[in-house]
2 protein chains.
Amino acid sequence: MAEIQSLARGLKILNLLEHSRNGMGTTEVANQLSIDKSSASRLLHTLANYGFVEQDEYSSRYTLGPQLLTLGQHLLNRITLRDHARPYLHELVDKTGECAHLAILAQRQALYIDQVESTAALRVESEIGTLSPLHCTALGKVMLAFGDCCMPDEMKPFTHRTVTDRSTLEAQLTQTGARGYAIDDEEYNYGVRCVAAPVYDHRGALVGAIGISGPAGRVTLERIDEFGSVVKDTADALSTRLGYDAKLRRRADADK
Amino acid sequence: MAEIQSLARGLKILNLLEHSRNGMGTTEVANQLSIDKSSASRLLHTLANYGFVEQDEYSSRYTLGPQLLTLGQHLLNRITLRDHARPYLHELVDKTGECAHLAILAQRQALYIDQVESTAALRVESEIGTLSPLHCTALGKVMLAFGDCCMPDEMKPFTHRTVTDRSTLEAQLTQTGARGYAIDDEEYNYGVRCVAAPVYDHRGALVGAIGISGPAGRVTLERIDEFGSVVKDTADALSTRLGYDAKLRRRADADK
DNA sequence: AACAGTGTTGTATTTTTGGCAACATATACA
DNA sequence: TGTATATGTTGCCAAAAATACAACACTGTT
């Protein structure tokens with residue numbers, strides 16, 4: 001597990017520069033990494049040669065370079081949500097023991113585009129490709145609470161717990177927004193509880209939701225917050241993976 | 001100008017991986033760079049440690065990693081079109097000797113958001129913040145030809161050369177699209193000719209246009225193609241600087 | 001079952017690097 | 001204005017780190 005020191009140092013410099021607002025000087029970089037000025041200078045020059053950093057002509061401070069943009073952009077083209085979500089779905093299954101799902105918004109409904117099944121004998125199965133209503137599923141409520149789609153026209157009841165009242169749903173949605181994850185408490189299928197959280201892309205736009213579904217016996221109301229934070233953390237990790245920057249969201253919120 | 005070899009090699013690897021569709025194996029990388037397998041292996045491991053590449057669990061091939069996305073995204077937030085366009089405007093002034101302008105689309109007009117003045121005694125000046133019509137300015141025609149905005153409702157004449165006929169303008173726009181730059185031949189101000197070309201952002205969307213304006217005596221019809229290619233090349237360079245990938249555009253065209 | 005292909009890991013050599021110092025230049029201060 | 005403290009860059013040589021070679025483990029193929 002030998003690391004190439006000079007390469008590692010170069011990469012550390014890139015990471016450093018990310019967190020500096022106005023770029024950094026050679027000395028500053030050297031101090032942060034506890035290396036000599038001369039080393040920092042040469043590393044920075046090499047990075048600059050390849051466009052990974054660039055030096056302001058006059059202030060001679062270094063900032064991240066355009067090559068990173070090129071490479072990052074290139075990467076984006078190759079990304080498909082489903083491919084990237086898969087390991088996170090597995091993670092959810094590992095941590096919760098319940099089935100995990102990925103859904104996107106399509107035709108004003110929640111479209112299941114992937115699932116990872118748990119190994120438990122008693123488990124909830126749902127087919128990939130299925131469209132589900134927004135108002136009574138955890139994945140759907142995520143779309144409503146965090147996305148920019150409008151409220152459903154009709155709210156058909158599926159169980160006696162299904163919320164069919166618009167104002168009740170809106171109250172649930174603000175609650176959902178506040179805590180960061182949505183809950184479906186036997187509102188779509190009897191005996192099934194679901195928890196889901198939003199997934200954002202690199203631009204901070206909602207691209208989908210991931211969540212878990214399990215029998216009410218295991219996904220109890222007492223433990224549901226615990227499940228909630230697991231789901232939320234996992235969803236956040238996936239968003240980061242897609243290039244989502246938390247700061248971006250804050251800025252977007254501020255714009256409103 | 002000593003380069004840190006191992007860092008340079010690491011960066012070269014990143015550039016290599018950009019151009020490979022399904023990632024690359026250790027041996028492949030080593031051959032491409034004419035280095036030993038073992039060196040490639042260690043470099044790749046170091047890159048992976050910092051998330052700049054990642055190794056597929058089963059195929060063990062390497063692809064670009066999420067860290068590049070993070071850094072690239074971060075960079076985007078800092079970018080403002082105007083800041084980045086400035087050096088290119090200077091470049092235009094240096095190469096052509098005429099004033100250079102940057103405009104974006106706003107309220108269905110061309111909004112001048114920056115200019116760099118030439119040092120020539122006789123020069124065209126226009127104020128930053130001015131809105132100009134689309135149908136009779138080079139910058140405006142760029143918006144019409146390369147952007148997705150619709151045709152202006154009315155086409156007011158400013159000189160006797162102003163095109164006020166819709167079909168004539170459309171013919172001009174297809175010509176503009178074909179050659180990659182737009183021309184204003186004394187259609188807005190007497191004695192002034194302008195040339196402009198489109199600027200695309202990292203997503204391949206038109207974000208603005210840059211161009212030059214000069215007295216008809218210097219910007220002659222004979223030399224206008226020469227100016228055109230300079231402007232186009234500079235605009236393309238700026239687009240690349242903003243993370244625009246030529247391949248992206250081609251794909252977008254193919255989609256139509 | 002032998003083989004050609006991967007990717008990874010020891011190890012000795014030697015090249016490359018990194019720190020020291022000196023230098024040049026810029027900014028602050030009196 | 002001159003002095004003083006920053007900064008960033010460059011020569012140099014010792015020293016350490018990277019390299020290439022080789023051996024190894026593993027996979028899939030003929």
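Just the heavy atoms: all of them, side chains too, but no hydrogens, waters or symmetry mates, feed the values below. Note on naming: letters A, B, ... go to the chains in the order of the sequence lines (proteins, then strands), and numbering restarts at 1 for each one.
When the P atom of dA6(D) is taken as reference, atom CE of M24(A) falls 17 Å away, rounded to whole Å. The interatomic distance linking E54(A) (CD) with dG8(D) (C1') rounds to 18 Å, in whole Å. When rounded to the nearest whole Å, the span between CZ of R61(A) and C1' of dT9(D) equals 17 Å. Rounded to whole Å, atom P of dT5(D) lies 21 Å from atom CD of E28(A). Atom CG in L44(A) sits about 14 Å away from atom C1' in dT7(D), given to the nearest Å.
Judged purely by distance below 3.5 Å, without hydrogens or angles, the side chains of T137(A) and S132(A) never pair a donor atom with an acceptor atom.
Nearest heavy-atom pair, K37(B) versus T26(B), reported as atom, atom and distance to 0.1 Å: O-CG2, 3.6 Å. Minimum interatomic distance between L47(A) and G10(A) (heavy atoms only, all atoms of both residues): CD1-O, 3.8 Å. The shortest heavy-atom contact between Q67(B) and N15(A) is NE2-OD1, 2.7 Å. Scanning both residues, V142(A) and A182(A), for their nearest heavy atoms gives CG2-CB, 3.7 Å.
Under the 3.5 Å distance criterion, the side-chain polar atoms of T46(B) are matched with a main-chain donor or acceptor of I4(A).
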>> What verdict does the side-chain hydrogen bond (donor to acceptor under 3.5 Å, both in side chains) test give for D236(A) and Y244(A), after you've listed the backbone C-alpha separation in whole Å, the side-chain angles of each residue and the deciding distance to 0.1 Å?
In response: CA-CA 9 Å; D236(A) 286 348; Y244(A) 171 70; over 6 Å; no
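The bend of the helix from dA1(C)-dT30(D) to dA30(C)-dT1(D), defined by the angle between the axes of its first five and last five pairs, stands at 30° to the nearest 10°.
Side-chain nitrogen and oxygen atoms of Q55(B) include at least one within less than 4.0 Å of the OP1 or OP2 phosphate oxygen of dT8(C). Proximity of S41(A) to the phosphate of dT9(D): a side-chain N or O atom is located under 4.0 Å from OP1 or OP2. One finds a side-chain N or O of T26(A) lying less than 4.0 angstrom from the OP1 or OP2 phosphate oxygen of dT9(D). A close approach under 4.0 Å does occur between a side-chain nitrogen or oxygen of Y62(A) and OP1 or OP2 of dT9(D).
Of the candidates L102(A), L92(A), L89(A), I210(A), L89(A) is the only one forming a side-chain contact (heavy atoms from CB on, under 4.5 Å) with V116(A).
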>> What does the B/S/- profile of nucleotides 18-30 of chain D look like, 5' to 3', with a 4.0 Å heavy-atom cutoff to protein?
In response: SBBB---------
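One finds the CZ atom of F52(B) at 14.0 Å from the CG atom of L43(B) (value rounded to the nearest 0.5 Å).
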